[in-house]
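I have placed the structure first, in the form of structure tokens, so that the comments after it can refer back to it.
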Amino acid sequence: MPESPYFPHPTRLTDDHLKIFFERDAVLVARDLIGFDLNVAGCGGPIVETEAYRPDDPASHTFRGPTQRNRAMFGPPGSVYVYRSYGIHWCLNFVCLPGSAVLIRALEPRLGLATMQARRNSIDPRQLCSGPGKLCAALDIAIGLDGLLLDTPPFALTSAEPATTATGPRIGITKNAEMPWRFGLAGSPYLSRRFP
DNA sequence: CGGAAGATCCTCT
DNA sequence: GAGGATCTTCCGG
């Protein structure tokens with residue numbers, strides 16, 4: 001069972017908490033984030049699926065050093081990195097140690113359900129945020145939020161008690177694909193995919 | 001400067 | 001389960 005005894009739960013994370021929690025190995029942060037509540041301008045819910053990316057990882061955007069696109073991944077711990085995926089979708093990451101980040105892959109849509117349903121053109125809660133691109137569409141996340149801190153609007157992040165997590169290989173990558181750096185809330189119906 | 005690959009999603013079969 | 005949409009990024013030449 002993961003432990004994150006850095007502050008009591010639930011805590012709405014402010015600057016001190018962000019540094020304490022995110023200035024760590026992205027793999028640990030990815031695991032500990034499961035269950036944390038993400039609120040983006042009144043929409044969101046508990047995070048149920050994450051993936052870790054590190055600079056020593058060929059699958060990471062930072063593997064070959066800083067570029068224009070990935071510069072936010074070298075920003076302060078607890079800021080966000082937003083990038084375009086396949087020319088169509090946006091993906092949201094939380095920055096950890098320099099050059100590392102956690103991809104937010106899915107959450108349980110709880111707050112602002114009607115707004116998210118309208119943005120996604122879907123009614124089924126299981127279809128709203130069950131994937132990194134879907135999640136950004138539902139929460140209206142785009143490049144304009146790149147680099148912002150998680151304790152500033154439109155973001156708010158609230159901690160939660162450690163959850164029982166499932167672990168497995170990351171999704172949709174070809175390099176370093178065997179590393180088990182995907183984490184999920186065990187048994188959640190809001191995952192992008194089941195765990196093996 | 002060209003081109004291939006890409007941390008995805010939707011539709012159709 | 002396969003294939004297409006769609007376009008930015010980055011690397012090689």
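Every heavy atom of this structure was used, including side-chain atoms; hydrogens, water molecules and symmetry mates were not. Labels below follow one simple rule: chain letters A, B, ... track the order of the sequence lines, proteins then strands, and each chain is numbered from 1. This structure is a prediction, so every number in the text was calculated from the model and none was measured.
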Quick check, are the ring centers of Phe36(A) and Phe21(A) under 6.0 angstrom apart?
-> yes
Would you call Arg110(A) and Asp37(A) a salt bridge, taking side-chain N to carboxylate O under 4.0 Å as the test?
-> no
State plainly whether the residues Asp25(A) and Arg54(A) are in salt-bridge range, i.e. N to O under 4.0 Å.
->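 Salt bridge present between Asp25(A) and Arg54(A).
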Greater than 12 external heavy atoms within 6.0 Å of Asp124(A)'s CG |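 Buried by this count: over 12 neighbours within 6.0 Å.
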Got a sec: does the CZ of Arg193(A) have more than 12 other heavy atoms crowding it under 6.0 Å?
-> no
Nucleotide interval of DNA chain C bounded by contacts with chain A (heavy-atom cut-off, under 4.0 Å) =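 Answer, 5' to 3': dA5(C) to dC11(C).
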Counting Watson-Crick and G-U wobble pairs only, both distances under 3.5 Å, name the nucleotide matched with dC12(B), or none.
-> dG1(C)
For dA7(B), the Watson-Crick or wobble partner whose two distances fall under 3.5 Å | none
Report, one pair per line, the protein and nucleotides 6-10 of chain B atoms (nitrogen or oxygen only) whose separation is under 3.5 Å.
{"unit_1": "dG6(B)", "atom_1": "OP1", "unit_2": "Thr174(A)", "atom_2": "OG1", "d": "2.8"}
{"unit_1": "dA7(B)", "atom_1": "OP1", "unit_2": "His61(A)", "atom_2": "NE2", "d": "2.9"}
{"unit_1": "dA7(B)", "atom_1": "O4'", "unit_2": "Tyr53(A)", "atom_2": "OH", "d": "3.4"}
{"unit_1": "dA7(B)", "atom_1": "N9", "unit_2": "Tyr83(A)", "atom_2": "OH", "d": "3.3"}
{"unit_1": "dA7(B)", "atom_1": "N7", "unit_2": "Ala59(A)", "atom_2": "O", "d": "3.4"}
{"unit_1": "dA7(B)", "atom_1": "N7", "unit_2": "His61(A)", "atom_2": "NE2", "d": "3.3"}
{"unit_1": "dA7(B)", "atom_1": "N1", "unit_2": "Asn93(A)", "atom_2": "OD1", "d": "2.6"}
{"unit_1": "dA7(B)", "atom_1": "N3", "unit_2": "Tyr83(A)", "atom_2": "OH", "d": "3.2"}
{"unit_1": "dT8(B)", "atom_1": "OP1", "unit_2": "Arg105(A)", "atom_2": "NH1", "d": "3.2"}
{"unit_1": "dT8(B)", "atom_1": "O4'", "unit_2": "Ser85(A)", "atom_2": "OG", "d": "3.4"}
{"unit_1": "dT8(B)", "atom_1": "O3'", "unit_2": "Gly133(A)", "atom_2": "N", "d": "3.4"}
{"unit_1": "dT8(B)", "atom_1": "O2", "unit_2": "His89(A)", "atom_2": "NE2", "d": "2.8"}
{"unit_1": "dC9(B)", "atom_1": "OP1", "unit_2": "Gly131(A)", "atom_2": "O", "d": "3.4"}
{"unit_1": "dC9(B)", "atom_1": "OP1", "unit_2": "Pro132(A)", "atom_2": "N", "d": "3.2"}
{"unit_1": "dC9(B)", "atom_1": "OP1", "unit_2": "Gly133(A)", "atom_2": "N", "d": "2.7"}
{"unit_1": "dC9(B)", "atom_1": "OP1", "unit_2": "Lys134(A)", "atom_2": "N", "d": "2.9"}
{"unit_1": "dC9(B)", "atom_1": "O4'", "unit_2": "His89(A)", "atom_2": "NE2", "d": "3.0"}
{"unit_1": "dC10(B)", "atom_1": "OP1", "unit_2": "Arg120(A)", "atom_2": "NH1", "d": "2.7"}
{"unit_1": "dC10(B)", "atom_1": "OP1", "unit_2": "Arg120(A)", "atom_2": "NH2", "d": "3.0"}

Exam field: side chain Thr62(A) to backbone Gly99(A), donor-acceptor pair closer than 3.5 Å =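 Yes, because the side chain of Thr62(A) sits within donor-acceptor range (under 3.5 Å) of the backbone of Gly99(A).
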Are Arg170(A) and Tyr53(A) in a cation-pi contact, defined as NZ or CZ under 6.0 Å from the six-membered ring centre and within 45° of the axis?
-> yes
Going only through I, L, V, M, F, W and Y residues with side-chain contacts under 4.5 Å, is there a path from Leu149(A) to Leu103(A)?
-> no
